[in-house]
Amino acid sequence: MAESEQHSSAMPEITESQGKQWAVENDVFQIYRFFSSSSREDQDALLKLRRDNHIEYLNKGLRQLPASFCTLDANRPWLCYWIVHSLALLGESIDDADLEDNAIDFLSRCQDQNGGYGGGPGQLPHLATTYAAVNSLITIGGEKALSSINREKLYKFLLRMKVASGGFSMHDGGEVDVRACYTAISVASVLNIMDDDLVQDVGNFVLSCQTYEGGIAGEPGAEAHGGYSFCGLATLALINEVQRLDLPRFIDWLVFRQGVEGGFQGRTNKLVDGCYSFWQGGAFPLLQRLGSVVNEQLGIGTEEHTSISTEGVDSPDLSEDDPDHEGTSSQADKHFHPKGKGQTSDRSKVSLSDIGAEFLERNMDIPPLLQSAVLQDYILLCCQVPQGGLKDKPREHRDFYHTCYCLSGLSVCQHIWSKSLDSPPLPWAIRGPYSNLLEPIHPLYNVILDKYHEAHDFFSASEL
Amino acid sequence: MEEEWIPFRRRVEWSDVNPVPQDEGPNPIVPIAYKDEFVEVMDYFRAVYLADERSSRSLSLTAEAIRCNAGNYTVWHFRRLVLEALHLNLLHELDYLEHVAGDNPKNYQIWHHRRWVAGKIGADATVKELDFTRKVLSLDAKNYHAWSHRQWALQALGGWEGELDYCHHLLKKDVFNNSAWNQRYFVVTKSPFLGGLTAMRASEVCYTIEAIETNPENESPWRYLCGLYKDDTESWVTDPQVTSAIIKVLYMKANHVFALSTLLDLLCHGLKPNEALKRRTFHTNARGIEYTYDKFPFAKPTKYELPSPI
């Protein structure tokens, strides 16, 4: 006691950042202490994903929301996406066909006659709600949903939102930031309506937002931030310009965002938040497939390397330093070079419309650079509301946004050690019972992989 | 809504307008149980919006709609059209926004609108914008929108003179405030009065190293330090101040993660370690594994068993 008092008197006053951080650590560690002192049986129960309760919470939201949701009246396609995507991650499709039709009908009413989707019927088309509506329709799937999207007009809307800097404006006269770039480019890519006019200078805008810390900000000069970093990285990957980003710096910033709580913070010295399980965690499956670019930037490999093939290129074997996975490094090695032989894909030859599909086929020459087990623990033990739904952190309340992005992050963790997204993960990759397993996502768009493939087939069959 | 709120259908000045209900279909999904007032305000809003009526009553109607949902960007967009048509004194609009922003400090639309208004006013808005963001940041020193707005105001309107002092003031209050470090970087690199990174580096390095040595566990100054040498790898790896700061911190704690990470970065960029550094890192190496447990105490197998791979 005396020692700690002496210690604290010698220390400067505790700052607001420290105080808040310690309060959260206290909450989180209390949960973990309780967990570690529980019996094996109880631990299994605590780690269990409350699937049925989450499904019930989500289904209710789809059917009725209280008046307090008025503040989200301009985000209804988002509400739809958060719920429908969460259900899809849980392996549920919307149970009755009527509800599916109702969803398609409602989103059609949000579609502007000149292209794009607004936050509700009759509202101005907006890039973010367009992304949410398109991803919702892809997740619902089927001819009726997919053909309800007016791609010609959507393309024109995207082009209208383009600004001189190369970025996009969220809506007519709206804000220009990295979110706008991602939502525009993601939609254009998945709908197979991407072209050089849309892509022109987008890369320049995103690059101008990479900060001295290594992460990406919303606008040039602002602070590196998890949400914008995912958006920026995914945008560059989708337009095949990710090699222009300083990836070693980006990775260095990113890996430090996972904290002692197991979860991710959005910015340096900010608090952990379950939603960054996806916004930060979701960057790792992208980085896994960018090994050759990282190696090039680090000067590893050779100058004559013009292809993405990583045959013979050393990948950093970080798992050796991980004491908890002793003996996994050889296992891991097998996983990282599943398609090492004979696979080359010349970056310059990849057409914009194929990137989404081609990306999945790439070699995974970088191991998962996140601690996937402790992130799963954070999501399952600290973010789950037993009655259904997930949340930011202990003491917070559940909502659909956090439910969506906690589950998306959980899915990423579960599948990140698999050699390909099509094969089921090994039991050791899943925290809790194997029944916690969620559907895999396409990491560039955050839609369920199966649904992505269906949409890809559907839209590649019809050029604009 | 206040209690004395009078429905539009009972207001004489609105008797000529036919409200337009929302067309959400017979069985909408994610349906919101709107309150009556909300429905009525929005029905009247849709009427003037569709009629493109840019009048002063439309302006006050948008304020009511914003009170219902400050996130409705369509309403804000229309409000800008009306403001432009009416040629009103936009300084009043800033006062209005200050009032609205109080309850919604993280609302994209309000900040975007504010940027539009201040941009229209120009240099006369400088002091107001800097004061306003200062006020918001005094309540939440990391408000992302407030910082973006402040950076925009500095670049578009000016007012750089006191900004470095402001950063120092915030860092003195909370040296862990990474937003303030980011702002400091912004000022040092962009201010027209400071001569840029090259002119500022020496004094900034001293400032930063002092912050590191006081709180080595604070990641922000470590990242800032590295940022000060952006695009000048040569100086980064050869500046003896950087390595001596690392040695000093490693001396206090042999496995200090930020010191080691910075050292690793230097080595990757060609640092030739001197004797002092070699001695220091030998100690670190001996205790290497503890670093992992420092960062992830709950990854320790003794706490609970991680499933072992097959």
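Any value given below was found using the heavy atoms of this structure, including those in side chains, with hydrogens, waters and symmetry copies removed. In the text below, chain A, chain B and the rest are named by the order of the sequence lines, each starting its count at 1.
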Proximal component of [X], with respect to chain B [non-hydrogen, under 4.5 Å]:
X: Pro248(A); value: neither
X: Asp105(A); value: side chain
X: Ser136(A); value: neither
X: Leu107(A); value: neither
X: Asn75(A); value: neither

Looking at [atom1] of [X] and [atom2] of [Y], how far apart are the two atoms once the value is rounded to the nearest 0.5 Å?
X: Asn215(B); Y: Thr15(A); atom1: CG; atom2: OG1; result: 8.0 Å
X: Leu225(B); Y: Tyr212(A); atom1: CG; atom2: OH; result: 11.0 Å
X: Met170(A); Y: His112(B); atom1: CE; atom2: NE2; result: 10.5 Å
X: Asn107(B); Y: Thr71(A); atom1: CG; atom2: OG1; result: 10.0 Å
X: Leu298(A); Y: Cys268(B); atom1: CG; atom2: SG; result: 7.0 Å

Would you say the side chain of [Y] lies within less than 4.5 Å of the side chain of [X], judging by non-hydrogen atoms?
X: Asp177(A); Y: Tyr108(B); result: yes
X: Gln18(A); Y: Glu217(B); result: yes
X: Trp152(B); Y: Glu219(A); result: no

Looking at [X], I want to see if its [atom1] is surrounded by more than 12 non-hydrogen atoms of other residues, nucleotides or ligands under 6.0 Å.
X: Gln64(A); atom1: CD; result: yes
X: Glu213(B); atom1: CD; result: yes
X: Tyr434(A); atom1: OH; result: yes

TODO: Count the heavy-atom pairs under 4.5 Å between each of Arg76(A), Lys270(A), Glu175(A) and chain B, then report the option with the highest count.
DONE: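 Most heavy-atom pairs within the cutoff with chain B belong to Arg76(A).
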
Open item on the list: For chain B, which candidate among Gly122(A), Cys80(A), Ser68(A), Gly174(A) shows the most heavy-atom pairs at distances under 4.5 Å?
Closed with: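 The residue among Gly122(A), Cys80(A), Ser68(A), Gly174(A) with the greatest pair count is Gly174(A).
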
Task: All side-chain contact (heavy atoms from CB on, under 4.5 Å) counterparts of His225(A), not counting sequence neighbours - done: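 His225(A) satisfies side-chain contact (heavy atoms from CB on, under 4.5 Å) with Tyr228(A), Arg267(A), Tyr276(A), Tyr144(B) once adjacent residues are dropped.
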
Task: Under the side-chain contact (heavy atoms from CB on, under 4.5 Å) test, residues paired with Ser261(B) that sit two or more places apart - done: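 Partners of Ser261(B) by the side-chain contact (heavy atoms from CB on, under 4.5 Å) criterion, ordered by chain and then number, come out as Asp252(A), Phe256(A).
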
Task: Interface residues of residues 21-30 of chain B facing chain A - non-hydrogen atoms under 4.5 Å apart - done: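 Result: Gln22(B), Asp23(B), Glu24(B), Gly25(B), Pro26(B), Asn27(B), Pro28(B), Ile29(B), Val30(B).
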
Task: Residues of residues 176-186 of chain B contacting chain A, heavy-atom criterion under 4.5 Å, by residue number - done: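 Result: Phe176(B), Asn177(B), Asn178(B), Ser179(B), Trp181(B), Asn182(B), Tyr185(B), Phe186(B).
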
Open item on the list: Less than 4.5 Å to any heavy atom of chain A: does that hold for the side chain of His145(B), its backbone, both, or neither?
Closed with: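 Contact with chain A: none, neither part.
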
Open item on the list: Report which part of Phe78(B) has an atom under 4.5 Å of a heavy atom belonging to chain A: side chain, backbone, both, or neither.
Closed with: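 For Phe78(B), no heavy atom lies under 4.5 Å from chain A.
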
TODO: Write down the atom of Ala222(A), the atom of Ser148(B), and the distance for their closest heavy-atom approach.
DONE: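 So the minimum-distance heavy-atom pair works out to CB-OG, 4.0 Å.
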
- [ ] Kindly give the heavy-atom pair with the smallest separation between Cys68(B) and Cys70(A), and that separation in Å.
- [x]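 Between these two residues, the closest heavy atoms are O-CB, 4.4 Å.
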
Is it true that [X] and [Y] have a side-chain N and a carboxylate O under 4.0 angstrom from each other?
X: Glu213(A); Y: Lys230(B); answer: no
X: Arg249(A); Y: Asp265(B); answer: yes
X: Glu223(A); Y: Arg150(B); answer: no

Task: Audit row: Leu124(A), Tyr49(B), side-chain contact (heavy atoms from CB on, under 4.5 Å) steps and yes/no - done: CA-CA 11 Å; Leu124(A) 272 180; Tyr49(B) 174 65; 3.6 Å; yes

Open item on the list: Looking at chain A, which one of Cys226(B), Ala141(B), Gly227(B), Ser220(B) has the largest number of heavy-atom pairs inside 4.5 Å, strictly under?
Closed with: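 Among Cys226(B), Ala141(B), Gly227(B), Ser220(B), the one with the most close pairs to chain A is Ser220(B).
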
Task: Top of Arg115(B), Arg80(B), Lys173(B), His113(B) for chain A proximity - count of heavy-atom pairs under 4.5 angstrom - done: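 With the most close heavy-atom pairs to chain A, the winner is Arg115(B).
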
TODO: State whether a side-chain donor-acceptor pair under 3.5 Å links Ser17(A) with Asp174(B).
DONE: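 Yes, Asp174(B) and Ser17(A) have a side-chain donor paired with an acceptor closer than 3.5 Å.
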
Open item on the list: Determine whether Arg46(B) and Gln123(A) satisfy the following criterion, side-chain contact (heavy atoms from CB on, under 4.5 Å), listing intermediate values before the conclusion.
Closed with: CA-CA 9 Å; Arg46(B) 269 183 288 272; Gln123(A) 296 181 27; over 6 Å; no

Open item on the list: Could you check whether any side-chain N or O of Tyr73(B) sits under 3.5 Å from a backbone N or O of Gly119(A), counting only pairs where one atom can act as donor and the other as acceptor?
Closed with: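 Checked: pair present.
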
